[in-house]
*Asks:* 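Here's a structure for you.
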Amino acid sequence: MNPQYRTLEQKRKFYDSQAWKQLREEVKDRDNHECQECKRNGLVSIDTNEYSETAKRKKIALVVDHIKELEDHPELALEIDNLETLCVSCHNVKHGRVFVPNVNKWAADERWD
Ligand SMILES: [Zn+2]
Ligand SMILES: [Zn+2]
């Protein structure tokens with residue numbers, strides 16, 4: 001029987017596993033450390049070595065994504081053909097987590113009063 005990845009705890013365990021960490025690096029190597037979605041759109045998004053002061057670690061530019069989601073397809077969790085490298089913004093778009101800055105026009109205008 002395949003393991004399930006439904007709860008946060010189950011997912012955390014998976015993403016912490018040695019098998020995943022190894023495979024994740026293999027996928028990034030296979031994809032030349034380039035976002036595959038950007039590539040499909042004729043753009044290039046590669047990994048950065050920028051350091052984030054606030055997070056106290058290297059900025060994460062690339063993630064390795066499950067094409068068929070882990071939750072729905074636990075049997076494909078470690079299937080290299082089900083994995084691809086995405087940049088953080090493409091990954092957010094894929095999952096509908098688009099960050100729209102809340103620009104408050106009036107607050108900005110006030111400065112000029
Ligand atoms: Zn991208
Ligand atoms: Zn994903």
Side-chain angles (χ1 to χ4, degrees):
M1 218 192 102
N2 283 308
Q4 295 291 310
Y5 305 107
R6 300 223 163 260
T7 68
L8 211 77
E9 185 57 36
Q10 286 167 329
K11 284 184 206 172
R12 192 174 296 146
K13 231 176 168 168
F14 172 76
Y15 288 118
D16 265 346
S17 71
Q18 217 36 51
W20 167 251
K21 287 179 182 169
Q22 226 168 43
L23 190 62
R24 189 179 61 183
E25 294 312 309
E26 262 178 58
V27 172
K28 283 198 238 180
D29 282 345
R30 182 201 64 188
D31 294 342
N32 296 317
H33 295 252
E34 270 179 37
C35 170
Q36 299 303 290
E37 178 62 20
C38 285
K39 203 174 166 183
R40 286 191 282 271
N41 293 313
L43 301 165
V44 184
S45 274
I46 54 163
D47 210 354
T48 113
N49 279 313
E50 266 179 84
Y51 184 78
S52 165
E53 274 306 326
T54 43
K56 298 286 173 218
R57 54 162 170 70
K58 197 167 107 34
K59 275 190 194 168
I60 296 173
L62 296 175
V63 295
V64 173
D65 186 50
H66 287 93
I67 297 167
K68 289 181 181 168
E69 292 301 321
L70 185 62
E71 244 183 81
D72 305 327
H73 296 273
E75 75 281 6
L76 300 176
L78 293 169
E79 181 57 60
I80 197 159
D81 291 334
N82 187 45
L83 296 166
E84 70 176 354
T85 307
L86 293 180
C87 69
V88 171
S89 63
C90 287
H91 190 238
N92 285 345
V93 168
K94 183 189 165 190
H95 293 285
R97 293 189 295 242
V98 185
F99 177 69
V100 181
N102 186 12
V103 181
N104 189 329
K105 186 177 172 290
W106 303 111
D109 283 346
E110 264 168 28
R111 283 192 219 162
W112 306 104
D113 278 351

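Here the structure is a predicted model, which is why all the values come from computation and not from measurement. Sequential numbering from 1 along the given sequence is applied to the chain's residues. Numbering of ligands and ligand atoms starts at 1, following listing order. Every heavy atom of this structure was used, including side-chain atoms; hydrogens, water molecules and symmetry mates were not.
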*Asks:* To the nearest 10°, how many degrees is the angle C35 SG to the Zn ion (ligand 1) to C90 SG?
*Replies:* 110°
*Asks:* Give, rounded to 10 degrees, the angle between NE2 (H91) and NE2 (H95) as seen from the Zn ion (ligand 2).
*Replies:* 90°
*Asks:* Considering all heavy atoms of both residues, which atom of K68 and which atom of L76 are nearest to each other, and what is their separation?
*Replies:* CD-CD1, 3.7 Å
*Asks:* Look at the N, O or S atoms of D65, main chain and side chain alike, and state whether any lies under 2.8 Å from the Zn ion (ligand 2).
*Replies:* yes
*Asks:* With a 3.5 Å distance limit and no angle check, can you tell me whether H66 reaches the backbone of N82 through a side-chain donor-acceptor pair?
*Replies:* no
*Asks:* Heavy atoms only: give me the nearest R6-K11 pair and the separation to one decimal.
*Replies:* O-CE, 3.9 Å
*Asks:* So does H66 have any N/O/S atom less than 2.8 Å away from the Zn ion (ligand 2)?
*Replies:* no
*Asks:* Between E69 and I67, is there a donor-acceptor pair closer than 3.5 Å when you use the side chain of the first and the backbone of the second?
*Replies:* no
*Asks:* Where the Zn ion (ligand 1) is the centre, what is the SG-to-SG angle for C87 and C38, rounded to 10°?
*Replies:* 120°
*Asks:* Judged by atom type as modelled, is there a donor-acceptor pair below 3.5 Å linking the side chain of D31 to the main-chain atoms of T85?
*Replies:* yes
